[in-house]
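So the structure is just underneath, and the comments pick up after that.
Convention: sequence-line order gives letters A, B, ...; per-chain numbering from 1. The basis for the numbers below is simple: all heavy atoms, side chains too, and nothing from hydrogens, waters or symmetry mates.
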2 protein chains.
Amino acid sequence: MDTTVPTLKDVARYAGVSIATVSYVLNGRRQANKTISEATRQKVLQAVSELGYTPNHVARHLRRQRTERICVVLPRLGVPYYEAFCQDIEAVAERYQYTVILSLTGTREKERKVLGALQHRLADGVIALHGDWESEELAQLSAMGIAVVVLDNYIQGKNVDVVRTTEEDAFYEAVSYLATKGYRKIVCFLGGDTRGTRYAAYQRALRDHNLPLDERFVVEGCGDRQIAYQETLKLLKLKDRPDAIFAGSDVAAISAIWAIRDGGLRIPDDIAIIGAGNIAEGEITVPPLTTVGPVSLDFSDVAEFLFDRLRNPDQQERVLLRQWKLILRGSA
Amino acid sequence: MDTTVPTLKDVARYAGVSIATVSYVLNGRRQANKTISEATRQKVLQAVSELGYTPNHVARHLRRQRTERICVVLPRLGVPYYEAFCQDIEAVAERYQYTVILSLTGTREKERKVLGALQHRLADGVIALHGDWESEELAQLSAMGIAVVVLDNYIQGKNVDVVRTTEEDAFYEAVSYLATKGYRKIVCFLGGDTRGTRYAAYQRALRDHNLPLDERFVVEGCGDRQIAYQETLKLLKLKDRPDAIFAGSDVAAISAIWAIRDGGLRIPDDIAIIGAGNIAEGEITVPPLTTVGPVSLDFSDVAEFLFDRLRNPDQQERVLLRQWKLILRGSA
DNA sequence: TTGTAGGCGTTATCAG
DNA sequence: CTGATAACGCCTACAA
């Protein structure tokens, strides 16, 4: 196994030209007037292909002082929209000739590790999806010249760009919708991505509609299918069982649908359900899932937001707002 | 915004010592006998913390000729076991002080891009989960000194380590199980991760049990929940509707369960279902999902496999076999 | 115990 | 049109 990889020097020697010349032909960033004769050009390209030369990006990055790479930081996999999100980011990144890598956090500890990696120039820019970042940490990255975009409705961006959603308004609208339809005992599932805004909106809506807040109807840990299923079954057994569930995530809502159906009740007549996130799976449930989700499923704007910052690092911090809405289908 | 980041040189000047000294105290790789006086040590550490120095890994990687990073290449997100997989890999990587990054392929084109990034030293090692890699491409990486582990049951590893599963045997066992239970019209869903082995096992089992292969019962594109749901509904409408579904993926199987229940039929009496992958969600379906899956859900061995290669690049190519089995629950 | 200096592979400036 | 050459930030053999 030959572990030795050809370098510019090898190509230069092989082609009988100087290192500089090879570099020129490979990435013609000569300043406007420089040019290369077709003959040497060919010689060089020939050498490159015969030796199977590929540029060493590590060296290039050191020299250029950037990695031409961005990092998308996800708290976990398995969230349906992450895939679409990443694809949109990658599509834009490609236009800018950037590579996209993903980092998984999940725990606070891992979050610090990723932070460390970024400080060590893992990438020129970061898109962080709602983690537990402290704003100083992100500010520090930004102070190091790393472009940071964070998607979070609560974080106070110190020197970083923030993407927020109008999800709280949409959640409020959802719960209000249930209330005005006459549902009185509305459960709120907690857990999952939109934890914070969700509960706030729920409380606000109950209050505005003069509904009491019953603590048994606020259920923790429903970010995951199994738990949501089981918690729903439990709720069904209550003497005064709820008549609506504001599930706050589509997967939890879908589990609730199954649980209710397995329990022999009808949706939305006996119990209404509203999810959140608007995942495709919600269109094939029976009944189809009423949910709350983003108006646009195209996340290119988030990527452009980052690249704009990358292009122009010294501009003021900005906020990008993405609209959410209530999507009425059959389950409520 | 101060975009200038302190370097070793800055620390050295600030502490009033030489660059080399700083380097020594920060990573004491002095050759056995070298040592640093406590006084300078403190001076240096002080300087480091006051300046907020963080090593520039790009430079370090160039110098050390490795990135101390491994890359896990996923064809897509949203496959339930990927998350656990990545966590296991990261846990091991951490012990070796390696960073883990993820790359998404999905399309052949993206696959080539990731390949390019790797050739440019994105990472020292790769773990590729069943993509459409050609073995020459991987061999080329390996020839460049990049450690490659690929999880695939078909690929002929030229100079790369391969992780295979006994899934084909387990699939065969699953279909045979259906046949011996008396099911005659067994559908096979295609699409998703285990496409290749699945169909082969299905054919073999039908043949061995003298069952005809009915082309209407081989359904493409069932890697995804919606399609599986709809295809199942279609199958139910056939005059001679099937009496069993070998879904080949748990999410497809679960969609089939819903479709069958929505169609008013009973499982497994009217139709039996077997999935594949053994995801947690299969334990809460009604009835619980009979499936085929790995005996062990711990993937550390895969990571160790890679690090072993990293440590010892010149050893012969190897194969790691992971056992799969049929897991009987209620749906078949 | 600490410092000097060369080089990792590229890019870019400046002469030729 | 092409070639030396000096960085980029870090590591390390060797010298002091």
Side-chain angles (χ1 to χ4, degrees), chain A residues 3-45 47-48 51-68 97 119-122 124 144-145, chain B residues 3-44 47-48 51-68 119-122 124 144-145:
Chain A
T3 270
T4 324
V5 175
T7 71
L8 266 194
K9 197 167 22 169
D10 300 318
V11 176
R13 191 173 31 221
Y14 192 92
V17 298
S18 81
I19 289 184
T21 303
V22 178
S23 180
Y24 288 148
V25 2
L26 290 190
N27 39 51
R29 12 190 112 220
R30 48 213 138 106
Q31 45 207 40
N33 48 2
K34 294 227 168 200
T35 176
I36 297 280
S37 79
E38 194 53 26
T40 43
R41 229 184 104 71
Q42 288 309 329
K43 262 194 305 188
V44 169
L45 292 177
V48 164
L51 295 179
Y53 168 79
T54 56
N56 182 324
H57 278 199
V58 176
R60 168 175 297 177
H61 297 153
L62 176 59
R63 177 62 231 229
R64 298 230 250 243
Q65 293 293 75
R66 58 206 141 84
T67 59
E68 270 140 351
Q97 317 248 53
Q119 287 173 338
H120 297 320
R121 318 299 127 74
L122 177 59
D124 299 336
M144 299 179 55
Chain B
T3 269
T4 323
V5 176
T7 72
L8 264 196
K9 201 172 8 174
D10 299 320
V11 177
R13 191 174 30 221
Y14 192 92
V17 298
S18 81
I19 291 184
T21 303
V22 179
S23 180
Y24 287 148
V25 357
L26 290 190
N27 37 52
R29 15 189 109 222
R30 45 207 141 111
Q31 45 206 36
N33 48 3
K34 292 229 171 201
T35 176
I36 298 282
S37 78
E38 194 52 27
T40 43
R41 226 184 106 70
Q42 287 309 330
K43 260 194 306 188
V44 169
V48 164
L51 295 178
Y53 168 79
T54 58
N56 181 324
H57 278 199
V58 176
R60 168 175 296 178
H61 297 153
L62 176 59
R63 175 60 228 234
R64 297 218 240 224
Q65 293 292 70
R66 60 208 140 80
T67 60
E68 271 140 353
Q119 287 174 339
H120 297 320
R121 317 301 127 75
L122 177 58
D124 300 335
M144 298 178 57

Inset, instruction - Name the closest nucleotide to the B:N27 side chain, picking from D:dT12, D:dC11, C:dG9. - result: D:dC11

Legend entry - Side chain of B:N56 - closest among C:dT10, D:dG3, D:dC10: D:dC10

Inset, instruction - Consider the side chain of A:L62, meaning its heavy atoms from C-beta on, and name the nucleotide among C:dT10, D:dG9, D:dC10 that approaches it most closely. - result: D:dG9

Legend entry - Residue closer to the 5' end of DNA chain C, B:A20 versus B:R121 (nearest nucleotide): B:A20

Inset, instruction - Look at the side chain of B:Y24 and decide which nucleotide, out of D:dG3, D:dC11, C:dG3, has an atom nearest to it. - result: C:dG3

Inset, instruction - Let me know the distance between CZ of A:R64 and P of C:dA12, rounded to the nearest Å. - result: 6 Å

Legend entry - Neighbour count >12 (heavy atoms, 6.0 Å) for atom CD, A:Q97: no

Inset, instruction - Just compare D:dG3, D:dC11, C:dT2 and give me whichever is closest to any side-chain atom of B:R60. - result: D:dC11

Inset, instruction - Kindly point out which of D:dG3, D:dT12, C:dT11 is positioned nearest to the side chain of A:I19? - result: C:dT11

Legend entry - Pairwise 5' ranking along DNA chain C for B:S37 and A:A59, keeping only the more 5' one: B:S37

Legend entry - Minimum side-chain heavy-atom gap A:V22-A:K9 below 4.5 Å: no

Inset, instruction - Name the nucleic acid region contacted by A:V58, choosing base, sugar-phosphate or nothing; use a 4.0 angstrom heavy-atom cut-off, strictly under. - result: nothing

Legend entry - Given D:dC8, C:dG3, D:dC10, the nucleotide with the shortest approach to the side chain of B:L8: D:dC10

Legend entry - Selection from D:dC11, C:dT10, C:dG3 that lies nearest to any side-chain heavy atom of B:S18: C:dG3

